[in-house]
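In what follows, chains carry the letters A, B, and so on, assigned in the order in which the sequence lines appear, proteins first and then strands, with residues in each chain numbered from 1. As the structure is a prediction and not an experimental result, all values here were calculated from the model.
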Amino acid sequence: MINITLPDGSVRQYDKGTTAMDIAMSISSGLARNVLAAKVDGEIWDTDRAIKNDASVQLLTWKDKDGKNAFWHSSAHVMAEALEALYPGIKLGIGPAIDTGFYYDVDFGERTIGPADLPKIEAKMLELARQKNSFVRKEVSKADAIAYFTEKDDPYKLELINDLEDGSITFYEQGNFTDLCRGGHIPHTGYIKAIKLMNIAGAYWRGDEKNKMMTRLYGVSFPKQKELTEYLQLLEEAKKRDHRKLGAELELFMFSEKVGSGLPIWLPKGTALRTRLEDFLKKEQIKRGYTPVITPHIGKKELYMTSGHYEKYGEDSFQPIHTPREGEEFLLKPMNCPHHCEIYGHKPHSYRELPIRIAEFGTVYRYEQTGELHGLTRVRGFTQDDAHIFCTPAQVKEEFLNVLDLTMHVLKKLGFEDFTAQISLRDPENKAKYIGTEENWENAEKAIIEATQEVGLKTVTELGEAAFYGPKLDFMVKDALGRSWQLGTIQVDYNLPDRFELEYIGSDNQPHRPVMIHRAPFGSMERFIGVLTEHCAGKFPLWLAPEQFAILPISERFYDYAKEVENQLAASDIRGFIDNRNEKIGRKIRDAEVQKVPIMLIVGEQEVNDKKVAVRIQGQGDKGTMTVDEFVSFFKELL
RNA sequence: GCGAGUAUAGUUCAAUGGUAGAAUACCUGACUUGUAAUCAGGAGAUGUUGGUUCAAGUCCGAUUAUUCGCUCCA
């Protein structure tokens, strides 16, 4: 008998050689039907693999991430089998499970595969899935493995096997298909009920652009048709919310071929939105002791030589701007920090002045690779809600707390509720590659960890992910569709104060190096507004909406009254417009609804007579009539 | 940057290698409108650029923009 420890801590006894499936059946038949694989002492095992020793076992179902992984990994095998059946002679690369589905890298040789081929492959996969072929695990010697794939003439698998140790190699076989694979897999292919191949992309063998480009087929599969339908609906919803689509429809921003790719142009409505957002943040920052500054968009090359940015990014960025003067070169600023360091350094500072918080909505330019550009989330010119805090090492924690508080406050105000902090610390194995003293690093890392705990933030800690110049914290935010976005960041920097030789005079009357903290709660206005647009599906909070109301006169006889109402509202700082087109009211309402104008005020004969407005809320409908004063209070309630 | 797609009117989509069409938006006129699309008329387009062809939106090349992807390692 062996002892099996289950996740709840209970220990059960089973015959030696029992399987995960046996264990599942001993618990309940329902569980046995749903179990896909098992985690045995941390490794993913097939449900029919004999367990010979005491072990801790977690049964994995569709609900577990690892269960989904096994499911999708198995689906990748089925796809490979289907592809081999349809296109004999292809060479297979790797086929792992990913966050949402799976892919397989395939060398199709001379053949090209297009989207039109996908339905055929899906059909073949479903046909193979219905055969309920078991995934059979086989341990093979390295020699046998090499022999098999030499026979099959698959250079990619041979290369993989070459890197593996003899004795650790396993094959999996299902139907007529055998693949080199570590496992584990689901019991048989019949579990796969719904399959959708998503797209085709090129991918270098092993991700190295020196290698051959293979064709990568992405797919997703589910145990139930309904789940696929739901997943596709989610994708549809995401498509509807795509900020590039909404940005164009709501006239927030545009791109121009003539201006250049990756350079967003803010249209009047987008500017109204962005200005509001900036004003909101500026006010919050001033409350929290920040000092606003403005610095130029370019700086001499020497500035970035001092900061080190030129050495690191110069070659791969926008090239220097030349002037009529021989040898004079300016760079578009890729960062605001060098300018802010100059501001700090322009006069001596006492420790009594610290922390000094220099804030700027600074527009920076970075030459992102063409393939990296994407809507507002990846651009070449963008405005950071930047600030640099210069403080003593002892003030780091307090400053972190302040920044965390500010960040969480603004994100909550914008309707984001679910956030996580990713803390990036030094690689403990390789401390030499970081600059700054041991004492400062320990102090800062401890400060970050404590600060996140004190504000009750969920955290993920990544060792070795810190920048060479200091530890950092990145804000991850989940949007309304459950997608994660990286937004703001807080970074400690021991490098720039050194390079710019920044100092403050301590209580000991000696010069000291301040610690610099870079922080941007939104990251960039562009990226943030992109994420926000998708989060709220274009229905921005009332206080941010580019146009808060539309006045819809029933006919042109009521324009004068409409104008009167607009003026009264403008006096109360409520912004909007009059739809004075010669259209029926139904049409005006529809257009305002589609444009996601939050409030519609309908004025006709009755309203003019009663000195009222008929209020309608976007997505909700008629709210009845009220006087303009009543509406103003009603409006303020909604804010 | 590399690979694979895509590029037709302001927008969303049509068009066997043979006269570029529609819807919507826009302009004009009529209707004077009561809670999600009034009617009629008008104007408006093949990203740029070279080639193949009697003939190119369609085929080939270049270019620009755009989309997806480019180790989440059997």
Side-chain angles (χ1 to χ4, degrees), chain A residues 65 69 72-73 76-77 80 92-105 108 112-116 140 145 149 154 156-164 168-172 179-183 198-218 242 244-245 248-249 251 254-263 316 367-375 552-559 581-595 600-607 614-625:
Chain A
K65 192 167 179 283
N69 265 328
W72 282 329
H73 187 185
H77 279 233
L92 298 169
I94 57 167
I98 51 175
D99 280 353
T100 49
F102 56 89
Y103 67 78
Y104 220 112
D105 284 347
F108 283 97
T112 51
I113 297 295
V140 291
F149 282 104
D154 196 326
Y156 304 104
K157 295 290 178 189
L158 285 170
E159 191 180 323
L160 293 168
I161 292 168
N162 208 28
D163 294 343
L164 297 174
S168 70
I169 298 175
T170 50
F171 279 6
Y172 272 83
D179 201 357
L180 171 72
C181 182
R182 180 195 294 143
M198 306 305 291
N199 53 27
I200 301 175
Y204 299 105
W205 169 238
R206 300 198 140 184
D208 187 336
E209 60 183 84
K210 292 189 201 78
N211 287 336
K212 186 165 183 197
M213 172 76 70
M214 304 181 79
T215 305
R216 176 171 295 181
L217 288 147
Y218 284 88
D242 190 315
R244 291 167 301 179
K245 182 172 144 66
E249 282 171 8
E251 296 181 357
M254 58 170 273
F255 288 92
S256 146
E257 235 177 80
K258 282 213 186 80
V259 171
S261 61
L263 299 170
D316 303 318
Y367 188 80
E368 301 290 350
Q369 293 195 77
T370 23
E372 297 283 341
L373 300 174
H374 180 92
L552 314 179
I554 298 284
S555 87
E556 53 193 31
R557 299 197 338 255
F558 313 110
Y559 287 179
R581 292 174 304 165
N582 189 3
E583 289 290 349
K584 289 197 192 303
I585 193 64
R587 176 54 175 278
K588 293 183 182 182
I589 288 171
R590 185 190 143 75
D591 288 347
E593 288 277 348
V594 170
Q595 281 292 306
M600 284 149 266
L601 300 174
I602 295 152
V603 294
E605 183 121 33
Q606 292 164 34
E607 288 74 23
V615 179
R616 183 188 162 99
I617 294 188
Q618 202 269 352
Q620 294 181 28
D622 198 356
K623 293 283 160 186
T625 60

Mind checking whether A:D154 and A:F149 have side chains closer than 4.5 Å, heavy atoms only? yes

If I pick the C1' atom on B:rU48 and the same atom on B:rU24, what distance separates them, to the nearest angstrom? 28 Å

For a quick check of understanding: with a heavy-atom distance under 4.0 Å over all strands, which category does A:G619 fall into, base, sugar-phosphate or nothing? nothing

Considering every strand shown, what is the Watson-Crick or G-U wobble mate of B:rA22 when both distances are under 3.5 Å? B:rU12

Give A:G586 one of three labels, base, sugar-phosphate or nothing, depending on what nucleic acid heavy atoms sit under 4.0 Å from its own. sugar-phosphate

Sugar-phosphate only, base, or nothing, as touched by A:E607 at under 4.0 Å among non-hydrogen atoms: base

Under 4.0 Å, counting only non-hydrogen atoms across every strand here, what does A:F255 touch: a base, just sugar-phosphate, or nothing? nothing

For RNA chain B, whose closest nucleotide is more 5', that of A:D622 or that of A:Q369? A:Q369

Please determine whether any donor N or O and acceptor N or O are separated by less than 3.5 Å between the side chain of A:R616 and the base of B:rU35. yes

Out of B:rC70, B:rA65, B:rG34, whichever nucleotide has its closest atom nearest the side chain of A:E372: B:rC70

Testing B:rU64, B:rA36, B:rU35 for proximity to the side chain of A:I602, the answer is B:rU35

Pick base, sugar-phosphate or nothing for A:A97, based on heavy-atom distances below 4.0 Å to the nucleic acid. sugar-phosphate

Check every strand shown and say whether A:E605 touches a base, only sugar-phosphate, or nothing at a heavy-atom separation below 4.0 Å. base

B:rC2: pairing nucleotide in any strand, Watson-Crick or G-U under 3.5 angstrom: B:rG69

State the pairing partner of B:rA30; accept Watson-Crick or G-U wobble contacts with both distances under 3.5 Å, and report none otherwise. B:rU38

Using only heavy-atom distances, decide whether a donor-acceptor pair under 3.5 angstrom links the side-chain of A:R216 to the base of B:rA4. no

I need the minimum non-hydrogen distance between A:D179 and A:K157, along with the two atoms involved. OD1-NZ, 2.8 Å

Once you round it to whole Å, what is the distance between P of B:rA37 and CD of A:E593? 11 Å

Base, sugar-phosphate alone, or nothing: which one does A:R182 contact when heavy atoms must sit under 4.0 Å apart? base

Partner nucleotide of B:rG57 by Watson-Crick or wobble geometry (both distances under 3.5 Å): none

For A:I589, which contact category applies under a 4.0 Å heavy-atom criterion: base, sugar-phosphate, or nothing? base

